[in-house]
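Report on the structure given below.
Residue numbers begin at 1 in each chain, while the letters A, B, ... track the order of the sequences. Predicted model, so just to flag it, every value in this text is computed and none were measured.
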Amino acid sequence: MSEPASGVIHDIGYRHYDGPRLGSWYATRALFVYSLRAAFGFGRTARAKIMPFGLATVMLLPAVVSIAMMALLKERGMPYPGFFVYMQAILSIFVASQSPALVAPDLRHRVLPLYLSRPVGVPQYAGAKLAAMTLAVFLVIGVPLTLVYAGELLIDLEGPPQTGEYLAALTTGLCLALLLSAFGLTIASLTPRRGLGVASVIAVYLLLLAVSGVLVGTFESIGSGTAAAWSYLINPFFLLDAVRVALFGGESASGQYPDGPGPVLLTAALVALGVAALFLRYRKAAAK
Amino acid sequence: MHILETEELTKHFPGVTALDRLTVAAGSGVTGLVGANGAGKSTLIKILLGLQPPTSGRARVLDLDPATDGARIRTLVGYMPEHDCLPPEVSATELVVHLARMSGLPKVAARERAADVLRHVGLLEERYRPIGGYSTGMKQRVKLAQALVHDPRLVFLDEPTNGLDPRGREEMLTLIRRIGTEFGISVLVTSHLLGELERICDHVVVIDAGRLLRSSAITEFTQATQSLTVEVEEGADALVARLTELGQSVSVQGRLLTVKMLGPETYDAVRDAVAGLELCLIRLEQGRHRIEDVFREPLGEEVAGV
């Protein structure tokens, strides 16, 4: 009859939840949106927004200049196809700084078990992170391209709008985003410390850039054209530019790429490798 | 109905046998799983959640098989890990809302449930601050809240009193008892201290090196192991003599006297003896049994029987 009161806050009884439980697919989508927001620093401190927004703004500058040129000088500025090749340094920094933001905290603070003890499994977790990072990189590439295309339609230049080039650049941009995200996230997830993750991703990019440049120079100087053409593909940005040339035709943004389906097959193999590496990395982290 | 049961459950890791043909069952209410560090408690929980496959044997949780129905089990069960698992830069509210959605709750329901459950575990204004600034006790409460936020039918609490001071420990144990009774959620709680579980559990399972040592209702346990710890400023020897005179069995451990509980009259005997000798009583508490007592107990009876 006289139950001891254990404090005012505890007197409100426990209520059960009998609403819907939406399951794994819903949870994965929610994690995807959460991670996409995190890639741009939403839901984090103001400091976390500086890098992604700064870099996204820099990515927009060529588009703004291009639109201004079209409006004032009536001539085309930035070409669609070469856009991500010219902006490769900025894109690399974006991938390097934001990949750890998506994966490092959960590994470093061992939050992963809280996900895995829910309907979210390893494939769902890794898949949501990969999809979020891919879309983030794709937005950074695609929004400036789309702005220029919109500008082109509105300003009405001589000749037909370059719809084909625009769509080709968007498609290869999406493939590039997937490739960069898979490797960026894998590398970042191997180094739970955030700063180290940023440095590792940047280091890998600089290494590929340097190796590609040195090999191209060497092979060209000794007159080995085929070897030089393949050496371009060590740099992921040139690789995807080569994919665009192979699939949609058009000008190369740098030198001569290898003919045939080589670049396309190589890209497909690398994407498969990167995604597999990411999933295996998380399978191992889950077993701990 | 059994909330969980295992049959000949075995788990080998390279070089280690974590579980060795373990057969246990637990009903609704609060079940304690007691064992020294490395006895296989955390491994058992991971197998029951379907996160690790057993080497051999069977397990059932809420009448589901973790090996095939792991995903379904994980929507109905909550899990509080032993280790730190909280990101420091988000607030308790943000984290618990997010994890509620990871359990499949719609956005609005996730917010309501998170607010409810954080209140139940006793986190008030501080729940809006980043977790990085929390005390150990508050962090344990957040870990408990995330395990309860989706209103599971069963929760696995792995060493929930770890790192808490005596008061925090008491509050956590009281909370766990309320989860099992008032909230109507079955609890499997692990600890390496039998003494702290005997107050809140209906049933206790003791394992050692992956093997079952004992599984019984709490009433059988407490009768076998209950004792009183008494500390007085001086005059301990006289107190031992007086208590023995009054028919109590007393053993001396340094400054502390351990008096075997024979019933409520043991309290009276200690009170009368201390008052009669006019001693300064510093401490009078229920004995804290460590897991070793369970090993010692049958041995003592054997000796007595000889």
Please classify the contact between Lys143(B) and chain A as side chain, backbone, both or neither, with a heavy-atom cut-off of under 4.5 Å. neither

Between Ser117(A) and chain B, with a heavy-atom cut-off of 4.5 Å, which part of the residue counts as in contact: side chain, backbone, both or neither? both

Under the side chain to side chain contact (heavy atoms under 4.5 Å, CB included) rule, what do Met102(B) and Tyr115(A) come out as? Steps first, then yes or no, please. CA-CA 7 Å; Met102(B) 293 301 106; Tyr115(A) 287 96; 3.7 Å; yes

Give the member of Pro106(B), Gly78(B), Pro87(B), Pro152(B) that has the highest number of heavy-atom pairs under 4.5 Å with chain A. Pro106(B)

Name the member of Asp116(B), Thr174(B), Leu49(B) that forms the most heavy-atom pairs with chain A at distances under 4.5 Å. Asp116(B)

Plane angle bin for Tyr34(A) and His98(B) - parallel if under 30°, tilted between 30 and 60°, otherwise perpendicular: parallel

Could you tell me whether the side chain of Gln146(B) reaches within less than 4.5 Å of the side chain of Arg118(A), counting heavy atoms only? yes

Side chain, backbone, both or neither: which part of Arg101(B) has an atom under 4.5 Å from a heavy atom of chain A? both

Toward chain A, the part of Ile185(B) with a non-hydrogen atom under 4.5 Å: side chain

Heavy-atom distance under 4.5 Å between the side chains of His83(B) and Pro113(A), does that happen here? yes

Heavy-atom distances under 4.5 Å only: say whether Glu112(B) touches chain A with side chain, backbone, both or neither. neither

Taking atom CZ of Arg177(B) as the centre, report whether more than 12 heavy atoms of other residues, nucleotides or ligands fall under 6.0 Å from it. yes

If one checks every heavy atom of Leu48(B) against chain A at 4.5 Å, the contacting part turns out to be neither

Closest heavy-atom pair and its distance - Leu99(B), Leu114(A): CD1-CD1, 3.7 Å

Measuring from atom OH of Tyr14(A) to atom CG of Asp151(B), what distance do you get when rounded to the nearest 0.5 angstrom? 3.5 Å

At a heavy-atom separation under 4.5 Å, does Pro119(A) approach chain B through its side chain, its backbone, both, or neither? both

So, the part of Pro81(B) with a heavy atom under 4.5 Å from chain A: the answer is side chain

In Å, rounded to the nearest 0.5 Å, how long is the span from NE2 of His109(A) to CG of Asp84(B)? 10.5 Å

Can any side-chain N or O of Arg21(A) pair as donor or acceptor with the backbone N or O of His150(B) at less than 3.5 Å? yes

Under 4.5 Å heavy-atom distance to chain A, tell me which part of Val108(B) shows up: side chain, backbone, both or neither. neither

Given a strict heavy-atom distance threshold of 4.5 Å, which part of Tyr17(A) is in contact with chain B: side chain, backbone, both, or neither? both

Residue selection (most heavy-atom pairs with chain B, distance under 4.5 Å) from Leu116(A), Thr28(A), Val120(A): Leu116(A)

Approximate separation, where rounding is to 0.5 Å, of Phe183(B) CZ and His16(A) NE2: 9.0 Å

Distance, nearest 0.5 Å, that separates CG of Leu22(A) from OG of Ser103(B): 11.0 Å

Count the heavy-atom pairs under 4.5 Å between each of Leu31(A), Leu112(A), Val122(A) and chain B, then report the option with the highest count. Leu31(A)

Quick check on Leu105(B) against chain A: is it the side chain, the backbone, both or neither that has a heavy atom closer than 4.5 Å? both

